[in-house]
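I have placed the structure first, in the form of structure tokens, so that the comments after it can refer back to it.
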Protein chains: 2
Amino acid sequence: MLCFTDVMTNIPSPQNAQVSRGVSGAGEVLQLFLDGNAHSRTDLAALTGMARSTLQERLDTLTQLGLIGLVQEGASTGGRPPQRIALLPEARLILAIDLGASHLRVALSNLASVPQFQAQSPIVLSDGPEVILQAALKLADDLLSKAKRQRDDIIAVGMGVPGPVIFDTGQPANPPIMPGWDRFNIPEWFHQHLDALVIVDNDVNLMALGERNQNDEDNDNFLFVKIATGIGSGIISGGLLQRGAQGTAGDIGHVRIRRGDGIFCHCGNEGCLEAVASGPKIAQALRDQDIEAHSNTDVVDLVAAGNIQAIHAVRQAGRDLGEVLAASVSLLNPSQIVIGGRISAAGEHLLAGIREVVYQRGAPLSTQHLQIRTSRSWEDGALRGASMIALHHALSPQAIEAKATELLAAN
Amino acid sequence: MLCFTDVMTNIPSPQNAQVSRGVSGAGEVLQLFLDGNAHSRTDLAALTGMARSTLQERLDTLTQLGLIGLVQEGASTGGRPPQRIALLPEARLILAIDLGASHLRVALSNLASVPQFQAQSPIVLSDGPEVILQAALKLADDLLSKAKRQRDDIIAVGMGVPGPVIFDTGQPANPPIMPGWDRFNIPEWFHQHLDALVIVDNDVNLMALGERNQNDEDNDNFLFVKIATGIGSGIISGGLLQRGAQGTAGDIGHVRIRRGDGIFCHCGNEGCLEAVASGPKIAQALRDQDIEAHSNTDVVDLVAAGNIQAIHAVRQAGRDLGEVLAASVSLLNPSQIVIGGRISAAGEHLLAGIREVVYQRGAPLSTQHLQIRTSRSWEDGALRGASMIALHHALSPQAIEAKATELLAAN
DNA sequence: CCACTTTTGTCGAGAGTCAATAGAAGTATG
DNA sequence: CATACTTCTATTGACTCTCGACAAAAGTGG
């Protein structure tokens, strides 16, 4: 029933991580450990349906790869206590990179997708890929020496960029705000310096993936919205991240809204959501009322300070966003909408505006179980997502199977 | 969950054959025949990467199940001529049912998903499931005797209903226009009369699936829109039909549009697309101009006759629809939008209105390769889709594997 | 009619998996 | 503290499945 190939390009939610009974290699056994839990061999045999002897074969392979190992013994349940086996989270590293309009964030994550070491630096996107990727690699090297690890320990690289990406090749596709990056082959560049799998995706998509796996609820259908300097969204539908035909799915910033009549957007169209409700536009609206607000942070601070006009403006932005989200709910019928990005720090006021419109416009069927909330991860959302997707690909059954074959050939 | 193409690519190619260690059973071999083409054994061995002897084992199983057989011998290419093996399209039957607001259509399809015998009758939906399903079964029996086949020949039932469905269980979920059908277990009902797999889905979803497989172009991301008495859509994204959390995805009829201000919809909200651009509303708009138009057919006929006001009204409906579709394009980035339903017979005029708005509002990236066209299948679209989805499930690797095991147990 | 090509049927070797059995390491009990 | 019992781990031979080789069959072309 599930499309196996699609699992490649997405991170399944924990409850979907099942092993197909009967035929399963070392790669599929590994999947059982990805939740971070330790298991006894008997446990695993029951889970996979394999004979313990067969299972042992797989475990040997994974142990030789250094990915799993014994952890503390479990408590006896009346007989010999089980040896507990688990993923060794520090066995390898994931290099996560979040490229923003004006910043570069780099992190080293362990195999639990938790960023362990983190660094960032301001950049100028138009310096082009060569300069910026070099800077990213430099930061990575710094982190590596801080972590006392080496480049060889990096098993995969996950990178988020602020624009559409051809996911299969890892090339940015006509990114509006990334001059010089169009079709630049990012994975190829990394392969010259690292022997690792490289995954590139749109940053909002990565934030969506990162957010998704943070809660255990039904998250096969949800929408992540980033509201900051721009407005974008990542769509997870049917359990899979949706990228669309050209990788531009989720581009809600340029949907027309009612309050946008007569307001022109930098994209050349009239009445775009982004031309009305983005962080800079909220700030501008406040300046028009002689309130000092120049950045997204200013807006958030004003709201936090209880400034009435700022609260009003944010709530109105919420309504505007809600207009688009109401349509999205009709179209996609998600079970959750999560709001992230700098402006989402304005929390309840933004949500109030969104909810006001979405619950008014939405069909009862679609909205009765709909949750709308703010994101649980902040700046590091994209980094977490990047770690997760890179990890997922690097530890996919196919990838592990390939490594196992390699190992076998070497012996 | 449906993925015709992905199932195909799931057959290990020669170079992957070593990695996936021959886990392909009879079920996966069958998938190679679903395109309707005949293959020689050597062909198949090359395609699957299996040894011919192994392949033969699988073919024996499928032959015993009666699903495949020898067809005419192929031409010699310099040596012994190959025996060509193909799916036997008449081996089993698919029962396809399309339940509409006021009609019931039933068809018997062969394994190529082509409806062979077809019948229909008017119904009253509110008579409830028992009466109507009985009527459907009666029609099916009539067709069976006409086809000189029996109930046992039916391998699967595919049924489309005009409302949301919990796909996994086949139960309608709070369908607005189907009183008495809520949570009725349709598959269970059929199981009392037929030993067949039963698949139930929303009718527009089925039309989308039916349309999808009619053209060979990239159709992993496309949107099917039905415009008739109501307006709805079926979403195929990432190669899969999207149903959403409650099965109500694609419900574009109740998205608010600009021209809808002050117009109230039967759903209780203001300004819904359906309250402005549906068939009955177009007819009403024409009547307001003292033009005799009472049905969808009247509207289509007037347009065909070149009536200026009707053309204008249809084009305007296209613009209204385009407004919603422009947002959908931003959100989903499809490569195709297909318009079906009764009103789509008004063809180019409707399309012109849609294109006008979509291409104006859409981002260049998303619209440069976007095709917008009318459907190629008409009344039988849902029947074709129902056949296809039922067939796909009935002949899925898993289902075939199960049947093969059964067969083995019997021997 | 014979050499050559291509496809089809058969069978033993080898790889991989399983279930059984023996052994190890604990707990409960008198 | 010895014994019975429980639970987990290690090993091994039997069994199943798949592969590749080989031989036969059924054509073509000179």
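In the text below, chain A, chain B and the rest are named by the order of the sequence lines, each starting its count at 1.
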Margin query: To the closest 0.5 Å, what do you measure between CD (Q171(A)) and CG (N185(A))?
Written below: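 It is 5.0 Å, given to the nearest 0.5 Å.
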Note to self: Within this structure, what is the CZ-CG distance for the pair R149(B) and N110(B), rounded to the nearest 0.5 Å?
What the structure shows: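 The CZ atom of R149(B) sits 9.0 Å away from the CG atom of N110(B).
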[X] [atom1] to [N] [atom2], straight-line distance once rounded to whole Å:
X      : N       : atom1 : atom2 : result
D43(A) : dC8(D)  : CG    : P     : 8 Å
L55(B) : dC17(D) : CG    : P     : 16 Å
Q56(A) : dC18(C) : CD    : P     : 14 Å
R84(B) : dT8(C)  : CZ    : P     : 10 Å
H39(A) : dT9(D)  : NE2   : P     : 14 Å
D60(A) : dT9(D)  : CG    : C1'   : 12 Å

Please pick, from [options], the nucleotide with the shortest atom-to-atom distance to any side-chain atom of [X].
X      : options                   : answer
A51(A) : dC18(C), dT10(C), dT8(C)  : dC18(C)
M50(B) : dC18(C), dC22(D), dC19(D) : dC19(D)
R58(B) : dC19(D), dG9(C), dT18(D)  : dT18(D)
R52(B) : dC18(C), dC22(D), dG20(D) : dC22(D)

So, OP1 or OP2 of [N]: does either fall under 4.0 Å of a side-chain N or O from [X]?
X      : N       : answer
T54(A) : dC18(C) : yes
S53(A) : dT12(D) : no
R41(B) : dT6(C)  : no

With a 3.5 Å cut-off and sequence neighbours excluded, list the donor-acceptor pairs that the side chains of residues 193-200 of chain B form with protein atoms.
{"unit_1": "H193(B)", "atom_1": "ND1", "unit_2": "W189(B)", "atom_2": "O", "d": "3.1"}

Next item on the list: Quick one: label E57(A) by what it contacts on the DNA or RNA (base, sugar-phosphate, nothing), any heavy atom closer than 4.0 Å.
Entry: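 Counting heavy atoms under 4.0 Å across all strands, no contact is made by E57(A).
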Below 3.5 Å between N/O atoms, which protein atoms pair up with nucleotides 27-30 of chain D? Just atom names and distances, please.
{"unit_1": "dG27(D)", "atom_1": "N2", "unit_2": "G78(B)", "atom_2": "O", "d": "3.3"}

Item checked: Salt bridge present between R243(A) and D201(A) (N-O < 4.0 angstrom) ->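 Salt bridge flag = yes for D201(A) with R243(A).
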Margin query: Determine whether D60(A) and Q64(A) satisfy the following criterion, side-chain hydrogen bond (donor to acceptor under 3.5 Å, both in side chains), listing intermediate values before the conclusion.
Written below: CA-CA 6 Å; D60(A) 284 345; Q64(A) 278 186 57; over 6 Å; no
Check: Do L67(B) and L111(B) have side chains that get closer than 4.5 Å, going by heavy atoms?
Finding: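 Sidechains of L111(B) and L67(B): in contact.
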Next item on the list: Verify whether one side chain among S237(A) and Q242(A) offers a donor that lies under 3.5 Å from an acceptor in the other.
Entry: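 No, no side-chain donor-acceptor contact under 3.5 Å.
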